[in-house]
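The sequence lines fix the lettering, A, B, ..., with proteins before strands; numbering per chain opens at 1. Owing to the predicted nature of the structure, the values given are computational and were not obtained by experimental measurement. Atoms considered below: every heavy atom in the structure, side chains included; atoms not considered: hydrogens, waters and symmetry mates.
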Protein chains: 2
Amino acid sequence: MDDKNISQAVVSRLPRYYRYLGDLKDSGIERISSQDLSKLMKVTASQIRQDFNNFGGFGQQGYGYNVEYLHSEIAKILGLNEIHNLIIVGAGNLGQALANYMNFERRGFIVKGIFDKNPDLYGKELRGIAVQPVENIENFVKENDIDIAVLTIPKDGAVKTAEILVKCNIKAIWNFAHVDLNVPESIVVENVHLSDSLMKLSYGIVNQ
Amino acid sequence: MDDKNISQAVVSRLPRYYRYLGDLKDSGIERISSQDLSKLMKVTASQIRQDFNNFGGFGQQGYGYNVEYLHSEIAKILGLNEIHNLIIVGAGNLGQALANYMNFERRGFIVKGIFDKNPDLYGKELRGIAVQPVENIENFVKENDIDIAVLTIPKDGAVKTAEILVKCNIKAIWNFAHVDLNVPESIVVENVHLSDSLMKLSYGIVNQ
DNA sequence: AAAGATTTGACAATCATTTAACAATGTTGT
DNA sequence: ACAACATTGTTAAATGATTGTCAAATCTTT
C-alpha cells in the first residue's frame, strides 16, 4: 500500500473508527465532523483528524467527512475488501468457538481447513469442514492459497506449528497460545493473550 | 495498593514479565539480570529496570533479580494472590469455550455462575455449573460475592447487561462484545475485541 | 453574489514514553 | 579484607504521541 511509517497506535484505532462509522452508516447518517465523532467516541477531534490524515485527506473543509466514503476507505486500508483464506489449528474449545464465529466469513475471512492432533476429532465437522490431522497442514497450506493460520493450541504445539507454517510461507498468524512466537519479521503475528488480558483486569480491580 | 500513576503501557507489560519469570522459575533458574532478561524478551534492559522500579526496587546491584521473588511480587501487583469470583454471561460458543478454559481457576478466577437468555440451555452443565436465565444475574451477583462478569453475548445484550451489572456493584467486566460499554469510571472494563484484532492482522498482511 | 459560519489539514506545542548514561551499591574471587 | 567486577536505581536525553491552534478551503444563508 501507500503508507510509510504508520505507528502501531494509529493502526490500533482504525478498527474502532471502522466500527463507529459502520454504525453511523447503518443509522442513515451521511456526514459527520471530527468534532461530532469525537463526542461520540470520546477521543479528541484533533486525534481523529490526525489519524485520518496519515492515509490522506478524506474530509472536506466546512463539510466534514462523508460517512460511507470514510467507512469504505478505512475498509480498504485494513484490507477488508480482500478475501483471506485461513486455517484453524486446534479444534478444542477455543478453536471450535472461533470456527463457529460466523462474522468472520461475512468480512472475507474464509475458514478453509481445521486441524487437530487428536484422532478422535478427525472427520468431525465444524461449519461443514472436517477436522484433519495436523500432519496435513504443510500440504494444505501450499495447495489452498492460505493467508492466515489461527493457532488455538497449547504453547508447545504452537511453537512447533509456527515453524511449519513459516516453511510453507504463511502470511500471518493469529496466535491464541500463551507464548511469543519466534518467526521472521516478514510474517505478521497478532497475539490474543487472553490470560494477559485477564491479569490486566485483575490489576485494575486491585488497584482501583 | 501503593502505586500512584502507573501508565497503562507499563501495566500491559506486566503479564508478559510474569509469564517469562514463571518459565524461568520452572526451569530452575534462580537469578537473572535485566540484561539477560532483555535478550530473552527482546525489549531493552533499561525498560525492564524502569518498569520494575515503578513498583519499588526488586533487584540488587551486582546481583540482578531473584526470579522467584520477582515472580511473586508481580503476582501481587497483578492481584493474582487473591481469589476472584466471576460469572459468564452468554453460554454460546465463546462462553462455553471460556468456561472450559480451565487455567483460569488455577489462577484464582473461579467460575461461579453461567447465564444465558436461551431457555434451551437452562440447566445444561458446563464444568458442573448449570446455565441459568439472565434474569437471575442481579440477585446472583449480590448474593455470591462476584467480582467479575465475562460478557460473551452480542452487543445489544452486552449493553443492557452492563447496566444491570452496574446496579449490582460489579467490580469489573471482561467484555468480548463488539461494543464499547458505557459504565462509571469506577468499574474496570477490559475489552477483548476479537474482530478488531483480526482487522489489525489484516492490515499487517496488506501493508507488509 | 457576498458575508458569515464551519471544519479540515497542517503545524507547533505539550505531554508521555523509551532509551541511554552513570554513580552508587553490592557481589565475587583471591 | 580488598580489589575488580557486575548490575541496579535514578536521572537526563531522545524519541514518539497527543493535543491545541489557526490559516485556508468550503459550505450555507441571506
Subject >> Candidates B:I148, B:I88, B:V150 - the one meeting side-chain contact (heavy atoms from CB on, under 4.5 Å) with B:V111 >> reply: B:I88

Hey, is the side chain of [X] poking within less than 4.0 Å of OP1 or OP2 on [N], counting only N and O atoms?
X: B:S34; N: D:dT8; answer: yes
X: A:N53; N: C:dT8; answer: no
X: A:Y65; N: C:dT6; answer: no

In this structure, how many angstroms lie between the [atom2] atom of [N] and the [atom1] atom of [X], rounded?
X: A:N54; N: C:dA10; atom1: CG; atom2: P; result: 11 Å
X: A:I48; N: C:dG9; atom1: CD1; atom2: P; result: 12 Å
X: A:Q35; N: C:dT6; atom1: CD; atom2: P; result: 10 Å
X: B:D36; N: D:dT7; atom1: CG; atom2: P; result: 7 Å
X: A:L37; N: C:dT8; atom1: CG; atom2: C1'; result: 14 Å
X: A:L70; N: C:dT7; atom1: CG; atom2: P; result: 15 Å

Subject >> Backbone N/O of B:L198 and side chain of B:S202: donor-acceptor pair under 3.5 Å >> reply: no

Original post:
Between B:R31 and B:Y65, is NZ or CZ placed under 6.0 angstrom from the six-membered ring centre and within 45° of the ring axis?
Top reply: no

Original post:
Taking the six-membered ring for Trp, are B:F104 and B:W174 ring centroids under 6.0 Å apart?
Top reply: yes

**OP:** Determine whether the aromatic ring centres of B:Y17 and B:Y20 lie less than 6.0 Å apart.
**Re:** no

Original post:
Can you give one letter per nucleotide of nucleotides 18-28 of chain D, 5' to 3': B if a protein heavy atom sits under 4.0 Å from the base, S if only from the sugar-phosphate, - if neither?
Top reply: BBBB--BBBSS

**OP:** Have a look at B:F52 and say if it touches a base, only the backbone sugar-phosphate, or nothing, with a 4.0 Å heavy-atom cut-off.
**Re:** nothing

**OP:** State plainly whether the residues A:K155 and A:D180 are in salt-bridge range, i.e. N to O under 4.0 Å.
**Re:** no

